[in-house]
Amino acid sequence: MLKRLSINRESLFSSKEGNKFPKAIVTLADIKPYEADVDVIIGAHRQPEAVNVTIENYLALEKKNRLHFFVIESSRNPLAYWKIRERECVSKVFILNNIRCTKKNYENVFWASNGAAIAAQIGTYLGCSRYAFFSHSDMMGYKENFLSFLLSKLDEKTPLASFTQRHILPFSGGMLYDKNYFKSLNADWLPSSENFYNIPELELLRNRIEHLNWIDAGEKLILAALQRGQKAYVCASRGSTGDYYGHALTPYGLTNQEVSQLGVPIYYAPDLLSREAFKAKYPELATEKGPFWRQCFDDEGDVIFVHRGRGTSKGQRKDQRGDFVSFVREFNQRYTCPA
């Protein structure tokens, strides 16, 4: 049942960046009483078809854990909200406030990152599961029980794990974390115009990243964990704009092994496939104008998760990235209806 729900700003945000938003985030919400092992939070913005195929994909591949989806639509477009398919395990939230702006960075307001951050905060606030997984609407599982794999990497010293990375840190899109651990920390998902990378745990890398003048949504959680002596896990991941097998650390002149040898408390899974082996094994992903931004690997060297990246909708930069919705829909059909 659709209900009007108002959430106080203080209930969502702990950092000063939260003060730029209204005192209450007002929503229309349909919250399902569904018990699950993992809350999957999807930040949506006018991409209902992509959201639907992503949910279908996650449900088809994850067999070991029950999933409760929280889809947070931030575009203020009611049609986008109503096109999100109704399911027993899907709770939908429509934000009524204008929480985004038209510029990338305007008065410390980050356009896409704010939408992701508020979606993550609302999903965490409403969800009852111990574990939360934050997803964009352009992500897909590629191997059975992909979330169970990421969940297996969490322990008392490792409260979060991600499929991929941004700069040297795990990327918050595609990150699974233990909500019990983060309840006591003064950290939220909002991006910041300050660079918080200059903490002792990353001292040996400061000269590599001191040029960064902001941090993305969710990185405060990662940094707060590292500051308290915890560890983070990130899958081996490859592929970026212009190179289907590019490495996130290439701009810094580093490899995963070199970062680990510096004593940084981030565990990078080892790379197991060469470019040639990857191209032979996954020709659909290894195209020079491929539709995908980053592929993520498990401990066996198999692609387990994919993040397509910018321009998800059909027709947007299709020549470079292809049609995400069609690709995932075809993948889902092959997976659920094998020949």
Side-chain angles (χ1 to χ4, degrees), residues 12-18 20-21 41 43 99-100 104-105 108-124 131-136 139 150 153-154 158-179 181-235 237 240 248-249 251-252 254 256 259 262 264-268 293-294 296 307 309-310:
L12 295 177
F13 310 121
S14 58
S15 61
K16 63 181 181 180
E17 286 85 1
K20 62 177 172 275
F21 295 103
I41 306 165
I99 50 84
R100 295 160 69 99
K104 171 76 175 181
N105 184 349
N108 297 332
V109 178
F110 297 87
W111 185 64
S113 295
N114 275 338
I118 291 177
Q121 291 294 116
I122 291 176
T124 300
Y131 301 101
F133 176 76
F134 184 73
S135 173
H136 296 184
M139 294 178 165
L150 212 57
K153 302 302 179 181
L154 302 189
T158 309
L160 60 88
S162 179
F163 283 116
T164 186
Q165 65 195 84
R166 177 182 179 270
H167 304 305
I168 64 167
L169 291 184
F171 184 42
S172 55
M175 181 174 75
L176 186 144
Y177 56 101
D178 186 341
K179 293 197 299 183
Y181 175 81
F182 289 101
K183 284 179 181 178
S184 62
L185 300 185
N186 187 33
D188 58 36
W189 272 75
L190 285 178
S192 175
S193 58
E194 298 181 53
N195 182 349
F196 293 105
Y197 287 107
N198 58 345
I199 62 176
E201 289 76 10
L202 300 178
E203 183 68 29
L204 293 173
L205 290 176
R206 282 188 61 184
N207 65 330
R208 310 264 188 168
I209 56 180
E210 61 186 2
H211 65 283
L212 300 176
N213 57 12
W214 68 287
I215 66 172
D216 207 348
E219 292 185 19
K220 291 176 185 173
L221 275 70
I222 299 167
L223 294 170
L226 298 181
Q227 285 175 316
R228 286 160 176 78
Q230 302 295 92
K231 297 181 180 180
Y233 173 90
V234 61
C235 290
S237 59
S240 60
L249 291 176
Y252 304 99
L254 293 168
N256 290 351
V259 173
L262 290 175
V264 176
I266 302 172
Y267 177 77
Y268 297 95
W293 180 60
R294 190 164 295 280
C296 314
H307 176 201
R310 305 169 186 85

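Leu223 contributes atom CG, which lies 10.5 Å from atom CZ of Arg228 (distance to the nearest 0.5 angstrom). Note that CZ of Phe171 and CZ of Arg294 are 10.0 Å apart. Values are rounded to the nearest 0.5 Å. For the atom pair Asp178 CG and Lys183 NZ, the distance stands at 9.0 Å (nearest 0.5 Å). A distance of 5.0 Å separates CG in Asp188 from CD in Gln121, rounded to the nearest 0.5 Å. Note that OG of Ser192 and NZ of Lys16 are 6.5 Å apart. Values are rounded to the nearest 0.5 Å. We find the CG-OG distance between Asn186 and Ser15 to be 8.0 Å, quoted to the nearest 0.5 Å.
Lys231 is linked by a salt bridge (charged side-chain N to carboxylate O under 4.0 Å, His left out) to nothing, counting only residues two or more places apart in sequence or in another chain. Residues satisfying the ring pair (Phe, Tyr, Trp, His ring centres under 6.0 Å) test with Tyr233, not counting sequence neighbours, are Tyr267.
A pairwise comparison of heavy atoms in Lys220 and Pro191 identifies NZ-O, 4.0 Å as the closest pair. Nearest heavy atom pair, residue Thr164 against residue Val234, reads O-CG2, 3.2 Å. The nearest pair of heavy atoms linking Leu185 to Ala224 is CD1-CB, 3.9 Å. Residues Gly218 and Ser172 come closest through the heavy atom pair CA-CB, 3.9 Å. Residues Ser162 and Gly173 share a closest heavy-atom pair of OG-O, 4.3 Å. Between Phe134 and Ala119, the shortest heavy-atom contact is CE1-CB, 4.2 Å.
Contact annotation: the side chain of Thr158 never approaches that of Lys153 to less than 4.5 Å [non-hydrogen atoms, C-beta and beyond]. At a threshold of 4.5 Å between non-hydrogen side-chain atoms, the residues Phe163 and Leu176 do not count as touching. Proximity of Leu12 to Phe21: side-chain heavy atoms (C-beta onward) are nowhere separated by under 4.5 Å. Side-chain contact between Gln165 and Ser237 is present, with heavy atoms from C-beta onward closer than 4.5 Å. Considering only heavy atoms from C-beta on, Ile168 comes within 4.5 Å of Tyr268 through its side chain. The shortest distance between side-chain heavy atoms of Ile266 and Pro170 falls below 4.5 Å.
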Please lay out, stage by stage, how Tyr177 and Thr124 fare under the test side chain to side chain contact (heavy atoms under 4.5 Å, CB included). CA-CA 11 Å; Tyr177 56 101; Thr124 300; 2.9 Å; yes

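For the side-chain contact (heavy atoms from CB on, under 4.5 Å) test with Met175, the passing option among Leu150, Leu169, Leu160 is Leu160; the others fail.
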